[in-house]
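Below is one structure, written out as structure tokens; the observations come after it.
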Amino acid sequence: MLRFSLMKILSYFKGIGLLLFLCPLAVKAQGTFIPVETKDDALVLHVTGEGDLNTVYFGKKLSDPKEYQITPQLYHEDETDMRNSAYTTAGTRNLLEPAIAVTHADGNKSLALKYAGQSTEKINADVSLIHIRLEDPAYHTEVTLHYQVYYTDNVIEQWSTIVHHEKRSIRLDKYASANLYLQAKSYWLRHYHGDWAKEMRPEEEKLTHGIKTLDSKLGTRADLFGPPSFMVSLNKPATEDEGEVLLGNLEWSGNYRIDFEIDPSNGLRLLAGINNYASDYSLKPGEEFETPKLVYTLSQHGKGEASRNLQDWARKYKIVDGEGPRLTLLNNWESTYFDFNEDKLSQLLKDTQKLGADLFLLDDGWFGNKYPRNDDHAGLGDWQVNKAKLPDGIAFLVKEAEKNDIKFGIWVEPEMVNPKSELYEKHPDWVVKQPQRPEYYMRNQLVLDLSNPKVQEFVFNTINGLFTQNPNLAYIKWDCNSVIYNAYSAYEKDQANFYVDYVKGLYKVMGRIRAKYPKVPMMLCSGGGGRVDYGALQYFTEFWPSDDTEPLERIFIQWEYSYFYPALTSANHVTNWGKEPIKYRVDVAMMGKLGFDIVVSKLSPDELSFCQDAIKNYKAYSGAIWHGEQYRLQSPWDNDAASILYVDTTKSQAIIFNYLINNRYGAGTHLPIKLKGLDPNKHYAIKEINLYPGTKSGIKEGVYSGDFLMTVGINPEVHEGRTSVVIGMDEAK
Ligand code: GLA
């Protein structure tokens, strides 16, 4: 009705502006408005006269919240269908992609959700949590939408809980975490694809009408072909500093599904959640189903600002010890693979100290006796120290590390099993496989059934045992190298629940470990970036972006990850991949959490001294890299050289990394690069750091004002003879 009369008025005045000017109050919609507001943005929900909950606005915050009441008409809120429903149901009058679809106990497939109340919890001065309750008047099914608002960071986490009181179980055929609605002329989606050693390859495209779906069906290490991270620019592709853009990540480490549907009125319906593929979840009466969180941030000033919002939020609220320090380390994977013994490791422990790193990380190959882990065909699952390689156990290595004044960490892959293992012999029913079909392997291994509480206990005990036997164990690298083939659980009564219960079981174990060991650093690894999302990262301090440590490739991989994750979470190891000199490799790894995986004893004296100095420089500027703000100055995608700046929160120290990407004749930086994020009124002393022994600075060192550096810039003088250049900046008082 309202819409009908509005259209008449609109045609009379032939202009919305004029209409608003003349009679803003006259066009206000009926019902209740629920603004979900951050510092700069507002997501406004509207409860219609019929009790439907719709999204009527999502964008820059208005100074007068009363004016949100005008938006339903301007955005064509149409009560005949549900295109802007805040949580679209299936089976009644919805004609588009649903957020939720259920099969009731009586077989009926319809769901209608009407507004039933709301409440707000103040979590702290900056964070609040809004709950909006919806109920089906015909069936005893309830959904609560949750919006956790991080005001200053302009970040929202959104999820839903579903509960019913029917006589028997119902089936959740689809159960999204969030159902957003955006309004613009056009939408540009940036998303990522990949494979082993090829993670985070971006594609950016204009969305057209219909549905574009990003999804995974890999079960575990579900991000191998693509992570649940995305960007949507409104009206035009956003750049680093301009344009309206939404960045999001589904906090879920299993199968996910994110639908982008442009509806008939050109609104963008964004539905994100667990993938319902083979997962029509059976929910018992009274049992609450909680969907994972979708975290998102909206920026009016480009991708750079949006990424800083997410990075800041992650450090403050999500990752473990986000505001704490990180350990530099030496890892032995690429220097020894499975071939080591106490003598070799004792030497590596000494090398760790010589290098100046904080910790030695013992990788794969330290376990299994009946089936020793001498390659990747055997032993996985048998977490007893291999007596032939390490007769004196892990305790000996921890002590040796202490003697060398360094810490000790260890690799585990506790969710997996080799068929050639005692674990498999003892507990074949703990293994995910189809009983009547041949086994199929990725890297010669199978996945343990974490939906089974006994398996959860086993995995917890594996990690807990390592800590109780070695109280000084200082670091865990938690790997996950296989997807799920032949999904079948001998434990689950209902196979449709398996994929979801696997991840919930995994989180239960990770949560227990974290509760018992709240501070110990742990790296989330999955043969590279097969599992990088905020669902798992809430239990970890860092992740392994890719097994591809070739530094040129890494610049691109780290660049793209950085839009979603802060630098201190990105475990970057210097290895022997690629042809670039050690300086280039170290400079690239420093742009995150620095580690090494090289044979230190084979370094020349100059190389060693360069690495030792680089670690010192890294520590000196770690305040900016770990906890500061990241500004991408020049993209590797369309420049000869990439340039990235980190500035600390007081804007008194900064570091700039510059890398030559192109080796065509004459490629390099020919003009100054304008810096960002500095204080224009401060002065900064600029010097080139990480100089290779025997080389001199090639930049115009000196003291410059922030104003000059941000207006004119500085040339890092990157070219064929200087392929990577690191610049340190300190406030000159
Ligand atoms: C995975 C990891 C590597 C290494 C090996 C060990 O591939 O990504 O870093 O730990 O497993 O098997």
Side-chain angles (χ1 to χ4, degrees), residues 194-200 218 220-225 227 253 329-340 344-345 348 359-368 371-383 386 389 408-418 420-421 441-448 462-463 466 475-483 521-532 536-537 540-551 553-554 557-558 561 569-578 585 589 592-599:
D195 202 339
W196 179 78
K198 296 181 198 149
E199 289 83 352
M200 288 306 270
L218 277 60
T220 186
R221 72 170 309 185
D223 307 353
L224 180 64
F225 299 155
S253 310
L329 59 80
L330 178 68
N331 189 192
N332 70 313
W333 175 239
E334 295 194 14
S335 58
T336 66
Y337 292 105
F338 298 93
D339 179 20
F340 53 78
K344 246 193 203 179
L345 294 182
L348 294 182
L359 176 134
F360 174 74
L361 170 60
L362 175 61
D363 215 284
D364 195 355
W366 57 268
F367 48 88
Y371 301 105
R373 180 79 170 162
N374 291 331
D375 58 39
D376 60 18
H377 286 82
L380 207 52
D382 300 345
W383 299 104
N386 178 285
K389 290 185 200 173
F408 183 84
I410 203 160
W411 177 96
V412 285
E413 194 181 0
E415 295 156 72
M416 302 282 162
V417 62
N418 280 131
K420 248 175 136 183
S421 68
Y441 309 121
M442 177 179 248
R443 211 188 185 213
N444 315 302
Q445 65 195 56
L446 290 164
V447 179
L448 292 176
T462 302
I463 311 281
L466 281 168
Y475 188 90
I476 295 274
K477 174 177 177 183
W478 180 314
D479 215 334
C480 167
N481 282 311
S482 177
V483 300
M522 296 211 298
M523 183 212 285
L524 183 62
C525 175
S526 184
R531 185 188 267 169
V532 185
L537 265 176
F540 288 79
T541 47
E542 56 224 60
F543 67 88
W544 182 236
S546 175
D547 275 351
D548 188 344
T549 47
E550 199 285 316
E553 288 297 326
R554 268 295 181 130
I557 292 174
Q558 291 170 197
Y561 270 122
T569 57
S570 176
N572 304 335
H573 293 182
V574 177
T575 70
N576 286 326
W577 282 48
R585 286 180 272 147
K593 209 226 108 183
L594 177 64
F596 291 80
D597 196 346
I598 48 171
V599 186

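Counting starts at 1 for both ligands and their atoms, following the listed order. We're numbering straight along the sequence, starting at 1.
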Side chains of [X] and [Y]: is there a donor and an acceptor less than 3.5 Å apart?
X	Y	value
R373	N386	no
W196	D547	yes
R531	T220	yes
N374	K389	yes
W411	D479	yes

Heavy-atom nearest neighbour in the protein, as seen from [atom], with distance rounded to 0.1 Å:
atom	value
atom 7 (O) of ligand 1	D547 OD2, 3.1 Å
atom 9 (O) of ligand 1	K477 NZ, 2.8 Å
atom 11 (O) of ligand 1	D479 OD2, 2.9 Å

Exam field: side chain K198 to backbone F225, donor-acceptor pair closer than 3.5 Å
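Side chain of K198 to backbone of F225: no pair is present.
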Relative to the heavy atoms of [X], which atoms of ligand 1 are at a distance of less than 4.0 Å?
X	result
C525	2 (C), 8 (O)
W544	8 (O), 9 (O)
G528	8 (O)
D363	4 (C), 6 (C), 10 (O)
D364	6 (C), 12 (O)
N481	1 (C), 7 (O), 11 (O)
G527	1 (C), 7 (O), 8 (O)

Run the ring-centre check on W544 versus W478 and record whether the distance is less than 6.0 Å.
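No.
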For the rings on F408 and Y475, is their centre-to-centre separation under 6.0 Å?
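No - the distance between ring centres of F408 and Y475 does not fall below the 6.0 Å cut-off.
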Measure the acute angle between the ring planes of F338 and W333, then classify it against the limits of 30° and 60° as parallel, tilted or perpendicular.
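Ring orientation, 0 to 90° scale: perpendicular.
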For S526 and ligand 1, does the shortest N/O to N/O distance drop below 3.5 Å?
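N/O-N/O distance below 3.5 Å does not exist for this pair.
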Looking only at N/O atoms, are W333 and ligand 1 under 3.5 Å apart anywhere?
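There is no such contact.
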Would you kindly specify which portion of R443 sits under 4.0 Å from ligand 1, judged on non-hydrogen atoms: side chain, backbone, both or neither?
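Near ligand 1, R443 shows its side chain, while the N, CA, C and O stay back.
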